[in-house]
Number of protein chains: 2
Amino acid sequence: MSRTDNRADREVVAAMSLGVREQVVDSSRADILRAAATCFMERGYASTSIDDVARSLGATKGRIYHHFPSKADLFAEVFRAGMDMNYQAVEPYRHLPGPALPRWRKMAMVHVVQMIDTKPFQRAVWIGVEMHLRGATTPAQREVFNELLEYRSTYGKLFRETLLQGREEGVFRFDDMSIANQLMFMTLNSPIFWYSPRVGETRSDIEAIARQVVDFAQGGLRGTQENPT
Amino acid sequence: MSRTDNRADREVVAAMSLGVREQVVDSSRADILRAAATCFMERGYASTSIDDVARSLGATKGRIYHHFPSKADLFAEVFRAGMDMNYQAVEPYRHLPGPALPRWRKMAMVHVVQMIDTKPFQRAVWIGVEMHLRGATTPAQREVFNELLEYRSTYGKLFRETLLQGREEGVFRFDDMSIANQLMFMTLNSPIFWYSPRVGETRSDIEAIARQVVDFAQGGLRGTQENPT
DNA sequence: TGATGAACATACTACCGAGTATGTTGTCAA
DNA sequence: TTGACAACATACTCGGTAGTATGTTCATCA
């Protein structure tokens, strides 16, 4: 209930003039977060040592512990940063007026592109959710985690509403809303596992990949026309 | 290149009469594998200690190390057991004659039900694939892992052929075969993450869940009818 | 029936990694 | 210019864990 309170807000305005000193500090913090995200992605949470993160920065533990009180807190900040990116990416489109399908497609596209562009952070988010589901982390850190999971849950609701509207409009068909939601996010998130950049890859190449993912999800949400077997 | 050579074959015939002594031994081994799979599922590979596995059996390290030379080998055996289960489940249907769609649906259904029934082992397989992709494990264990990944690749080909046939027959439409394959397996495997048994759940309840997953995958493989946006 | 070995348990070592305590350097403000 | 503090680096502690070395028990077989 403190210390991490308004971190997100500060990051948002980080680019605004805050004096050179603060900018340097936040730049160093951001560097650590990026390095940590990459390490967590490559080795997982438990197998990533603080020394690993420091080494990938050409630094030592001292630098990390100067900015973050513990490994769990560092991880939590990476998690939060990843969620912030997602939220800011889809937020502009959540209130697009009109039918559900085009809005859903826009949100889904932005989401998938975000998975590709910020893969290390999104993998960390995934790891964090997995850890929470199996009840890792101490009771103390549990509190921080619960807030982050709530954050994620809120993000999920952005899609949930559009899913429901889409079902009413007949573009989506599914029995269990919960399962459909799981399957949809599983599909949209999957690039964090199998995507890796190709040499000479352009922006439209990435969008083509994202489009195929979104098409798959859309087809999945519509389900089979008639039910064989 | 020894000691684990014909383990799989032996497990297959484990139920046959091999003398009481051998049955007891393999039973103890199987108990360890089950316990290990559950532990790996609950805490991941790195965070699972041999003592954890032993404790969940009401035993000590001695028992584990008597049957498995190392933690990595124990994990590899869990991996192999999971893949064995999958292969034996879908193998009877891979050569079903006729059009691709019904065969694909049967294979997919069996696969999904298998994910639900043997979730701990399948999570271990997932963890193993993740570990391999980021290059964990020592060069020595790498050899064993490569064989297991080859095994998994072979399993994937069972579906690949049917996917191609389905595309030719017009029931599936996708640009990139590799991506379609990833998305399909991502969907079919996803219950290992979000499924958890409900009280009083019947066999047909599980099949209803599996059907919804297969429907989603089928719709995804067919893609959108016309491509909006 | 005594010896042998499988199937464990117990006790120990060696190392790694999170966290801490304490230096060191550069910068800014008075 | 000097003192204070931020931003690190260095050097340590200490708990946990993989792996090992050594008992112990019980069944089987010669």
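Values below: all heavy atoms of this structure, side chains included; hydrogens, waters and symmetry mates excluded. Within every chain, numbering begins at 1; the chains are lettered A, B, ... in the order of the sequence lines, protein sequences first and strands thereafter.
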Notebook entry, point to check: Going through the distances and angles, do A/Arg63 and A/Ser28 end up as a side-chain hydrogen bond (donor to acceptor under 3.5 Å, both in side chains)?
Noted result: CA-CA 9 Å; A/Arg63 181 170 169 192; A/Ser28 179; 3.1 Å; yes
Item checked: Partners passing side chain to side chain donor-acceptor pair (under 3.5 Å) against B/Asp31 (at least two apart in sequence or in another chain) -> B/Arg34
Margin query: Taking 4.0 Å as the cut-off, does a side-chain nitrogen or oxygen of A/Ser28 come that near to OP1 or OP2 on D/dC8?
Written below: yes
Checklist line | C/dA7 OP1/OP2 closer than 4.0 Å to side-chain N/O of B/His66 | finding: yes
Check: To the nearest angstrom, how far is B/Ile64 atom CD1 from C/dA9 atom P?
Finding: 9 Å
Check: Taking atom C1' of C/dA7 as reference, at what distance in whole Å does atom CG of B/Leu57 sit?
Finding: 14 Å
Checklist line | A/Tyr45 OH - C/dG17 P separation (whole Å) | finding: 14 Å
Notebook entry, point to check: Atom CD1 of A/Ile32 to atom P of D/dA7: distance rounded to whole Å?
Noted result: 10 Å
Checklist line | Residue whose nearest DNA chain C nucleotide is more 5′ - B/Gly58 or A/Thr48 | finding: B/Gly58
Next item on the list: Check side chain to side chain donor-acceptor pair (under 3.5 Å) between B/Glu201 and all other residues, then give those that pass, not counting sequence neighbours.
Entry: B/Tyr195
Notebook entry, point to check: Whole-Å distance between D/dA7 P and A/Phe68 CZ?
Noted result: 12 Å
Notebook entry, point to check: How about B/Tyr93: does its OH atom have over 12 heavy atoms from other parts shown lying under 6.0 Å from it?
Noted result: no
Next item on the list: Could I get the full list of salt bridge (Lys or Arg N to Asp or Glu O under 4.0 Å) partners for B/Arg43, not counting sequence neighbours?
Entry: B/Asp52
Checklist line | Length of the CZ-C1' vector between A/Phe75 and C/dA18, whole Å | finding: 16 Å
Next item on the list: Calculate the interatomic distance between A/Leu74 atom CG and C/dG19 atom P; express it in whole Å.
Entry: 10 Å
Next item on the list: Check every strand shown and say whether A/Ser47 touches a base, only sugar-phosphate, or nothing at a heavy-atom separation below 4.0 Å.
Entry: nothing
Check: Under the side chain to side chain donor-acceptor pair (under 3.5 Å) test, which residues partner B/Ser70, sequence neighbours left out?
Finding: B/Asp73
Check: Of all residues at least two apart in sequence or in a different chain, which pass the ring-ring contact (aromatic ring centres under 6.0 Å, His included) check with A/Tyr87?
Finding: A/Tyr151
Please tabulate the protein-to-nucleotide N/O contacts below 3.5 Å involving nucleotides 19-23 of chain D, giving atom names and distances.
residue: D/dG19; atom: OP2; partner: B/Tyr65; partner atom: OH; Å: 3.3
residue: D/dG19; atom: OP2; partner: B/Lys71; partner atom: N; Å: 3.1
residue: D/dG19; atom: N7; partner: B/Lys61; partner atom: NZ; Å: 3.2
residue: D/dG19; atom: O6; partner: B/Lys61; partner atom: NZ; Å: 3.0

Note to self: Nearest whole Å is fine: how far is D/dA9 C1' from A/His67 NE2?
What the structure shows: 13 Å
Checklist line | B/Asp51 or A/Arg63, whichever maps to the more 5' nucleotide of DNA chain D | finding: A/Arg63
Next item on the list: Just compare D/dA9, D/dA7, C/dA18 and give me whichever is closest to any side-chain atom of A/Ser49.
Entry: C/dA18
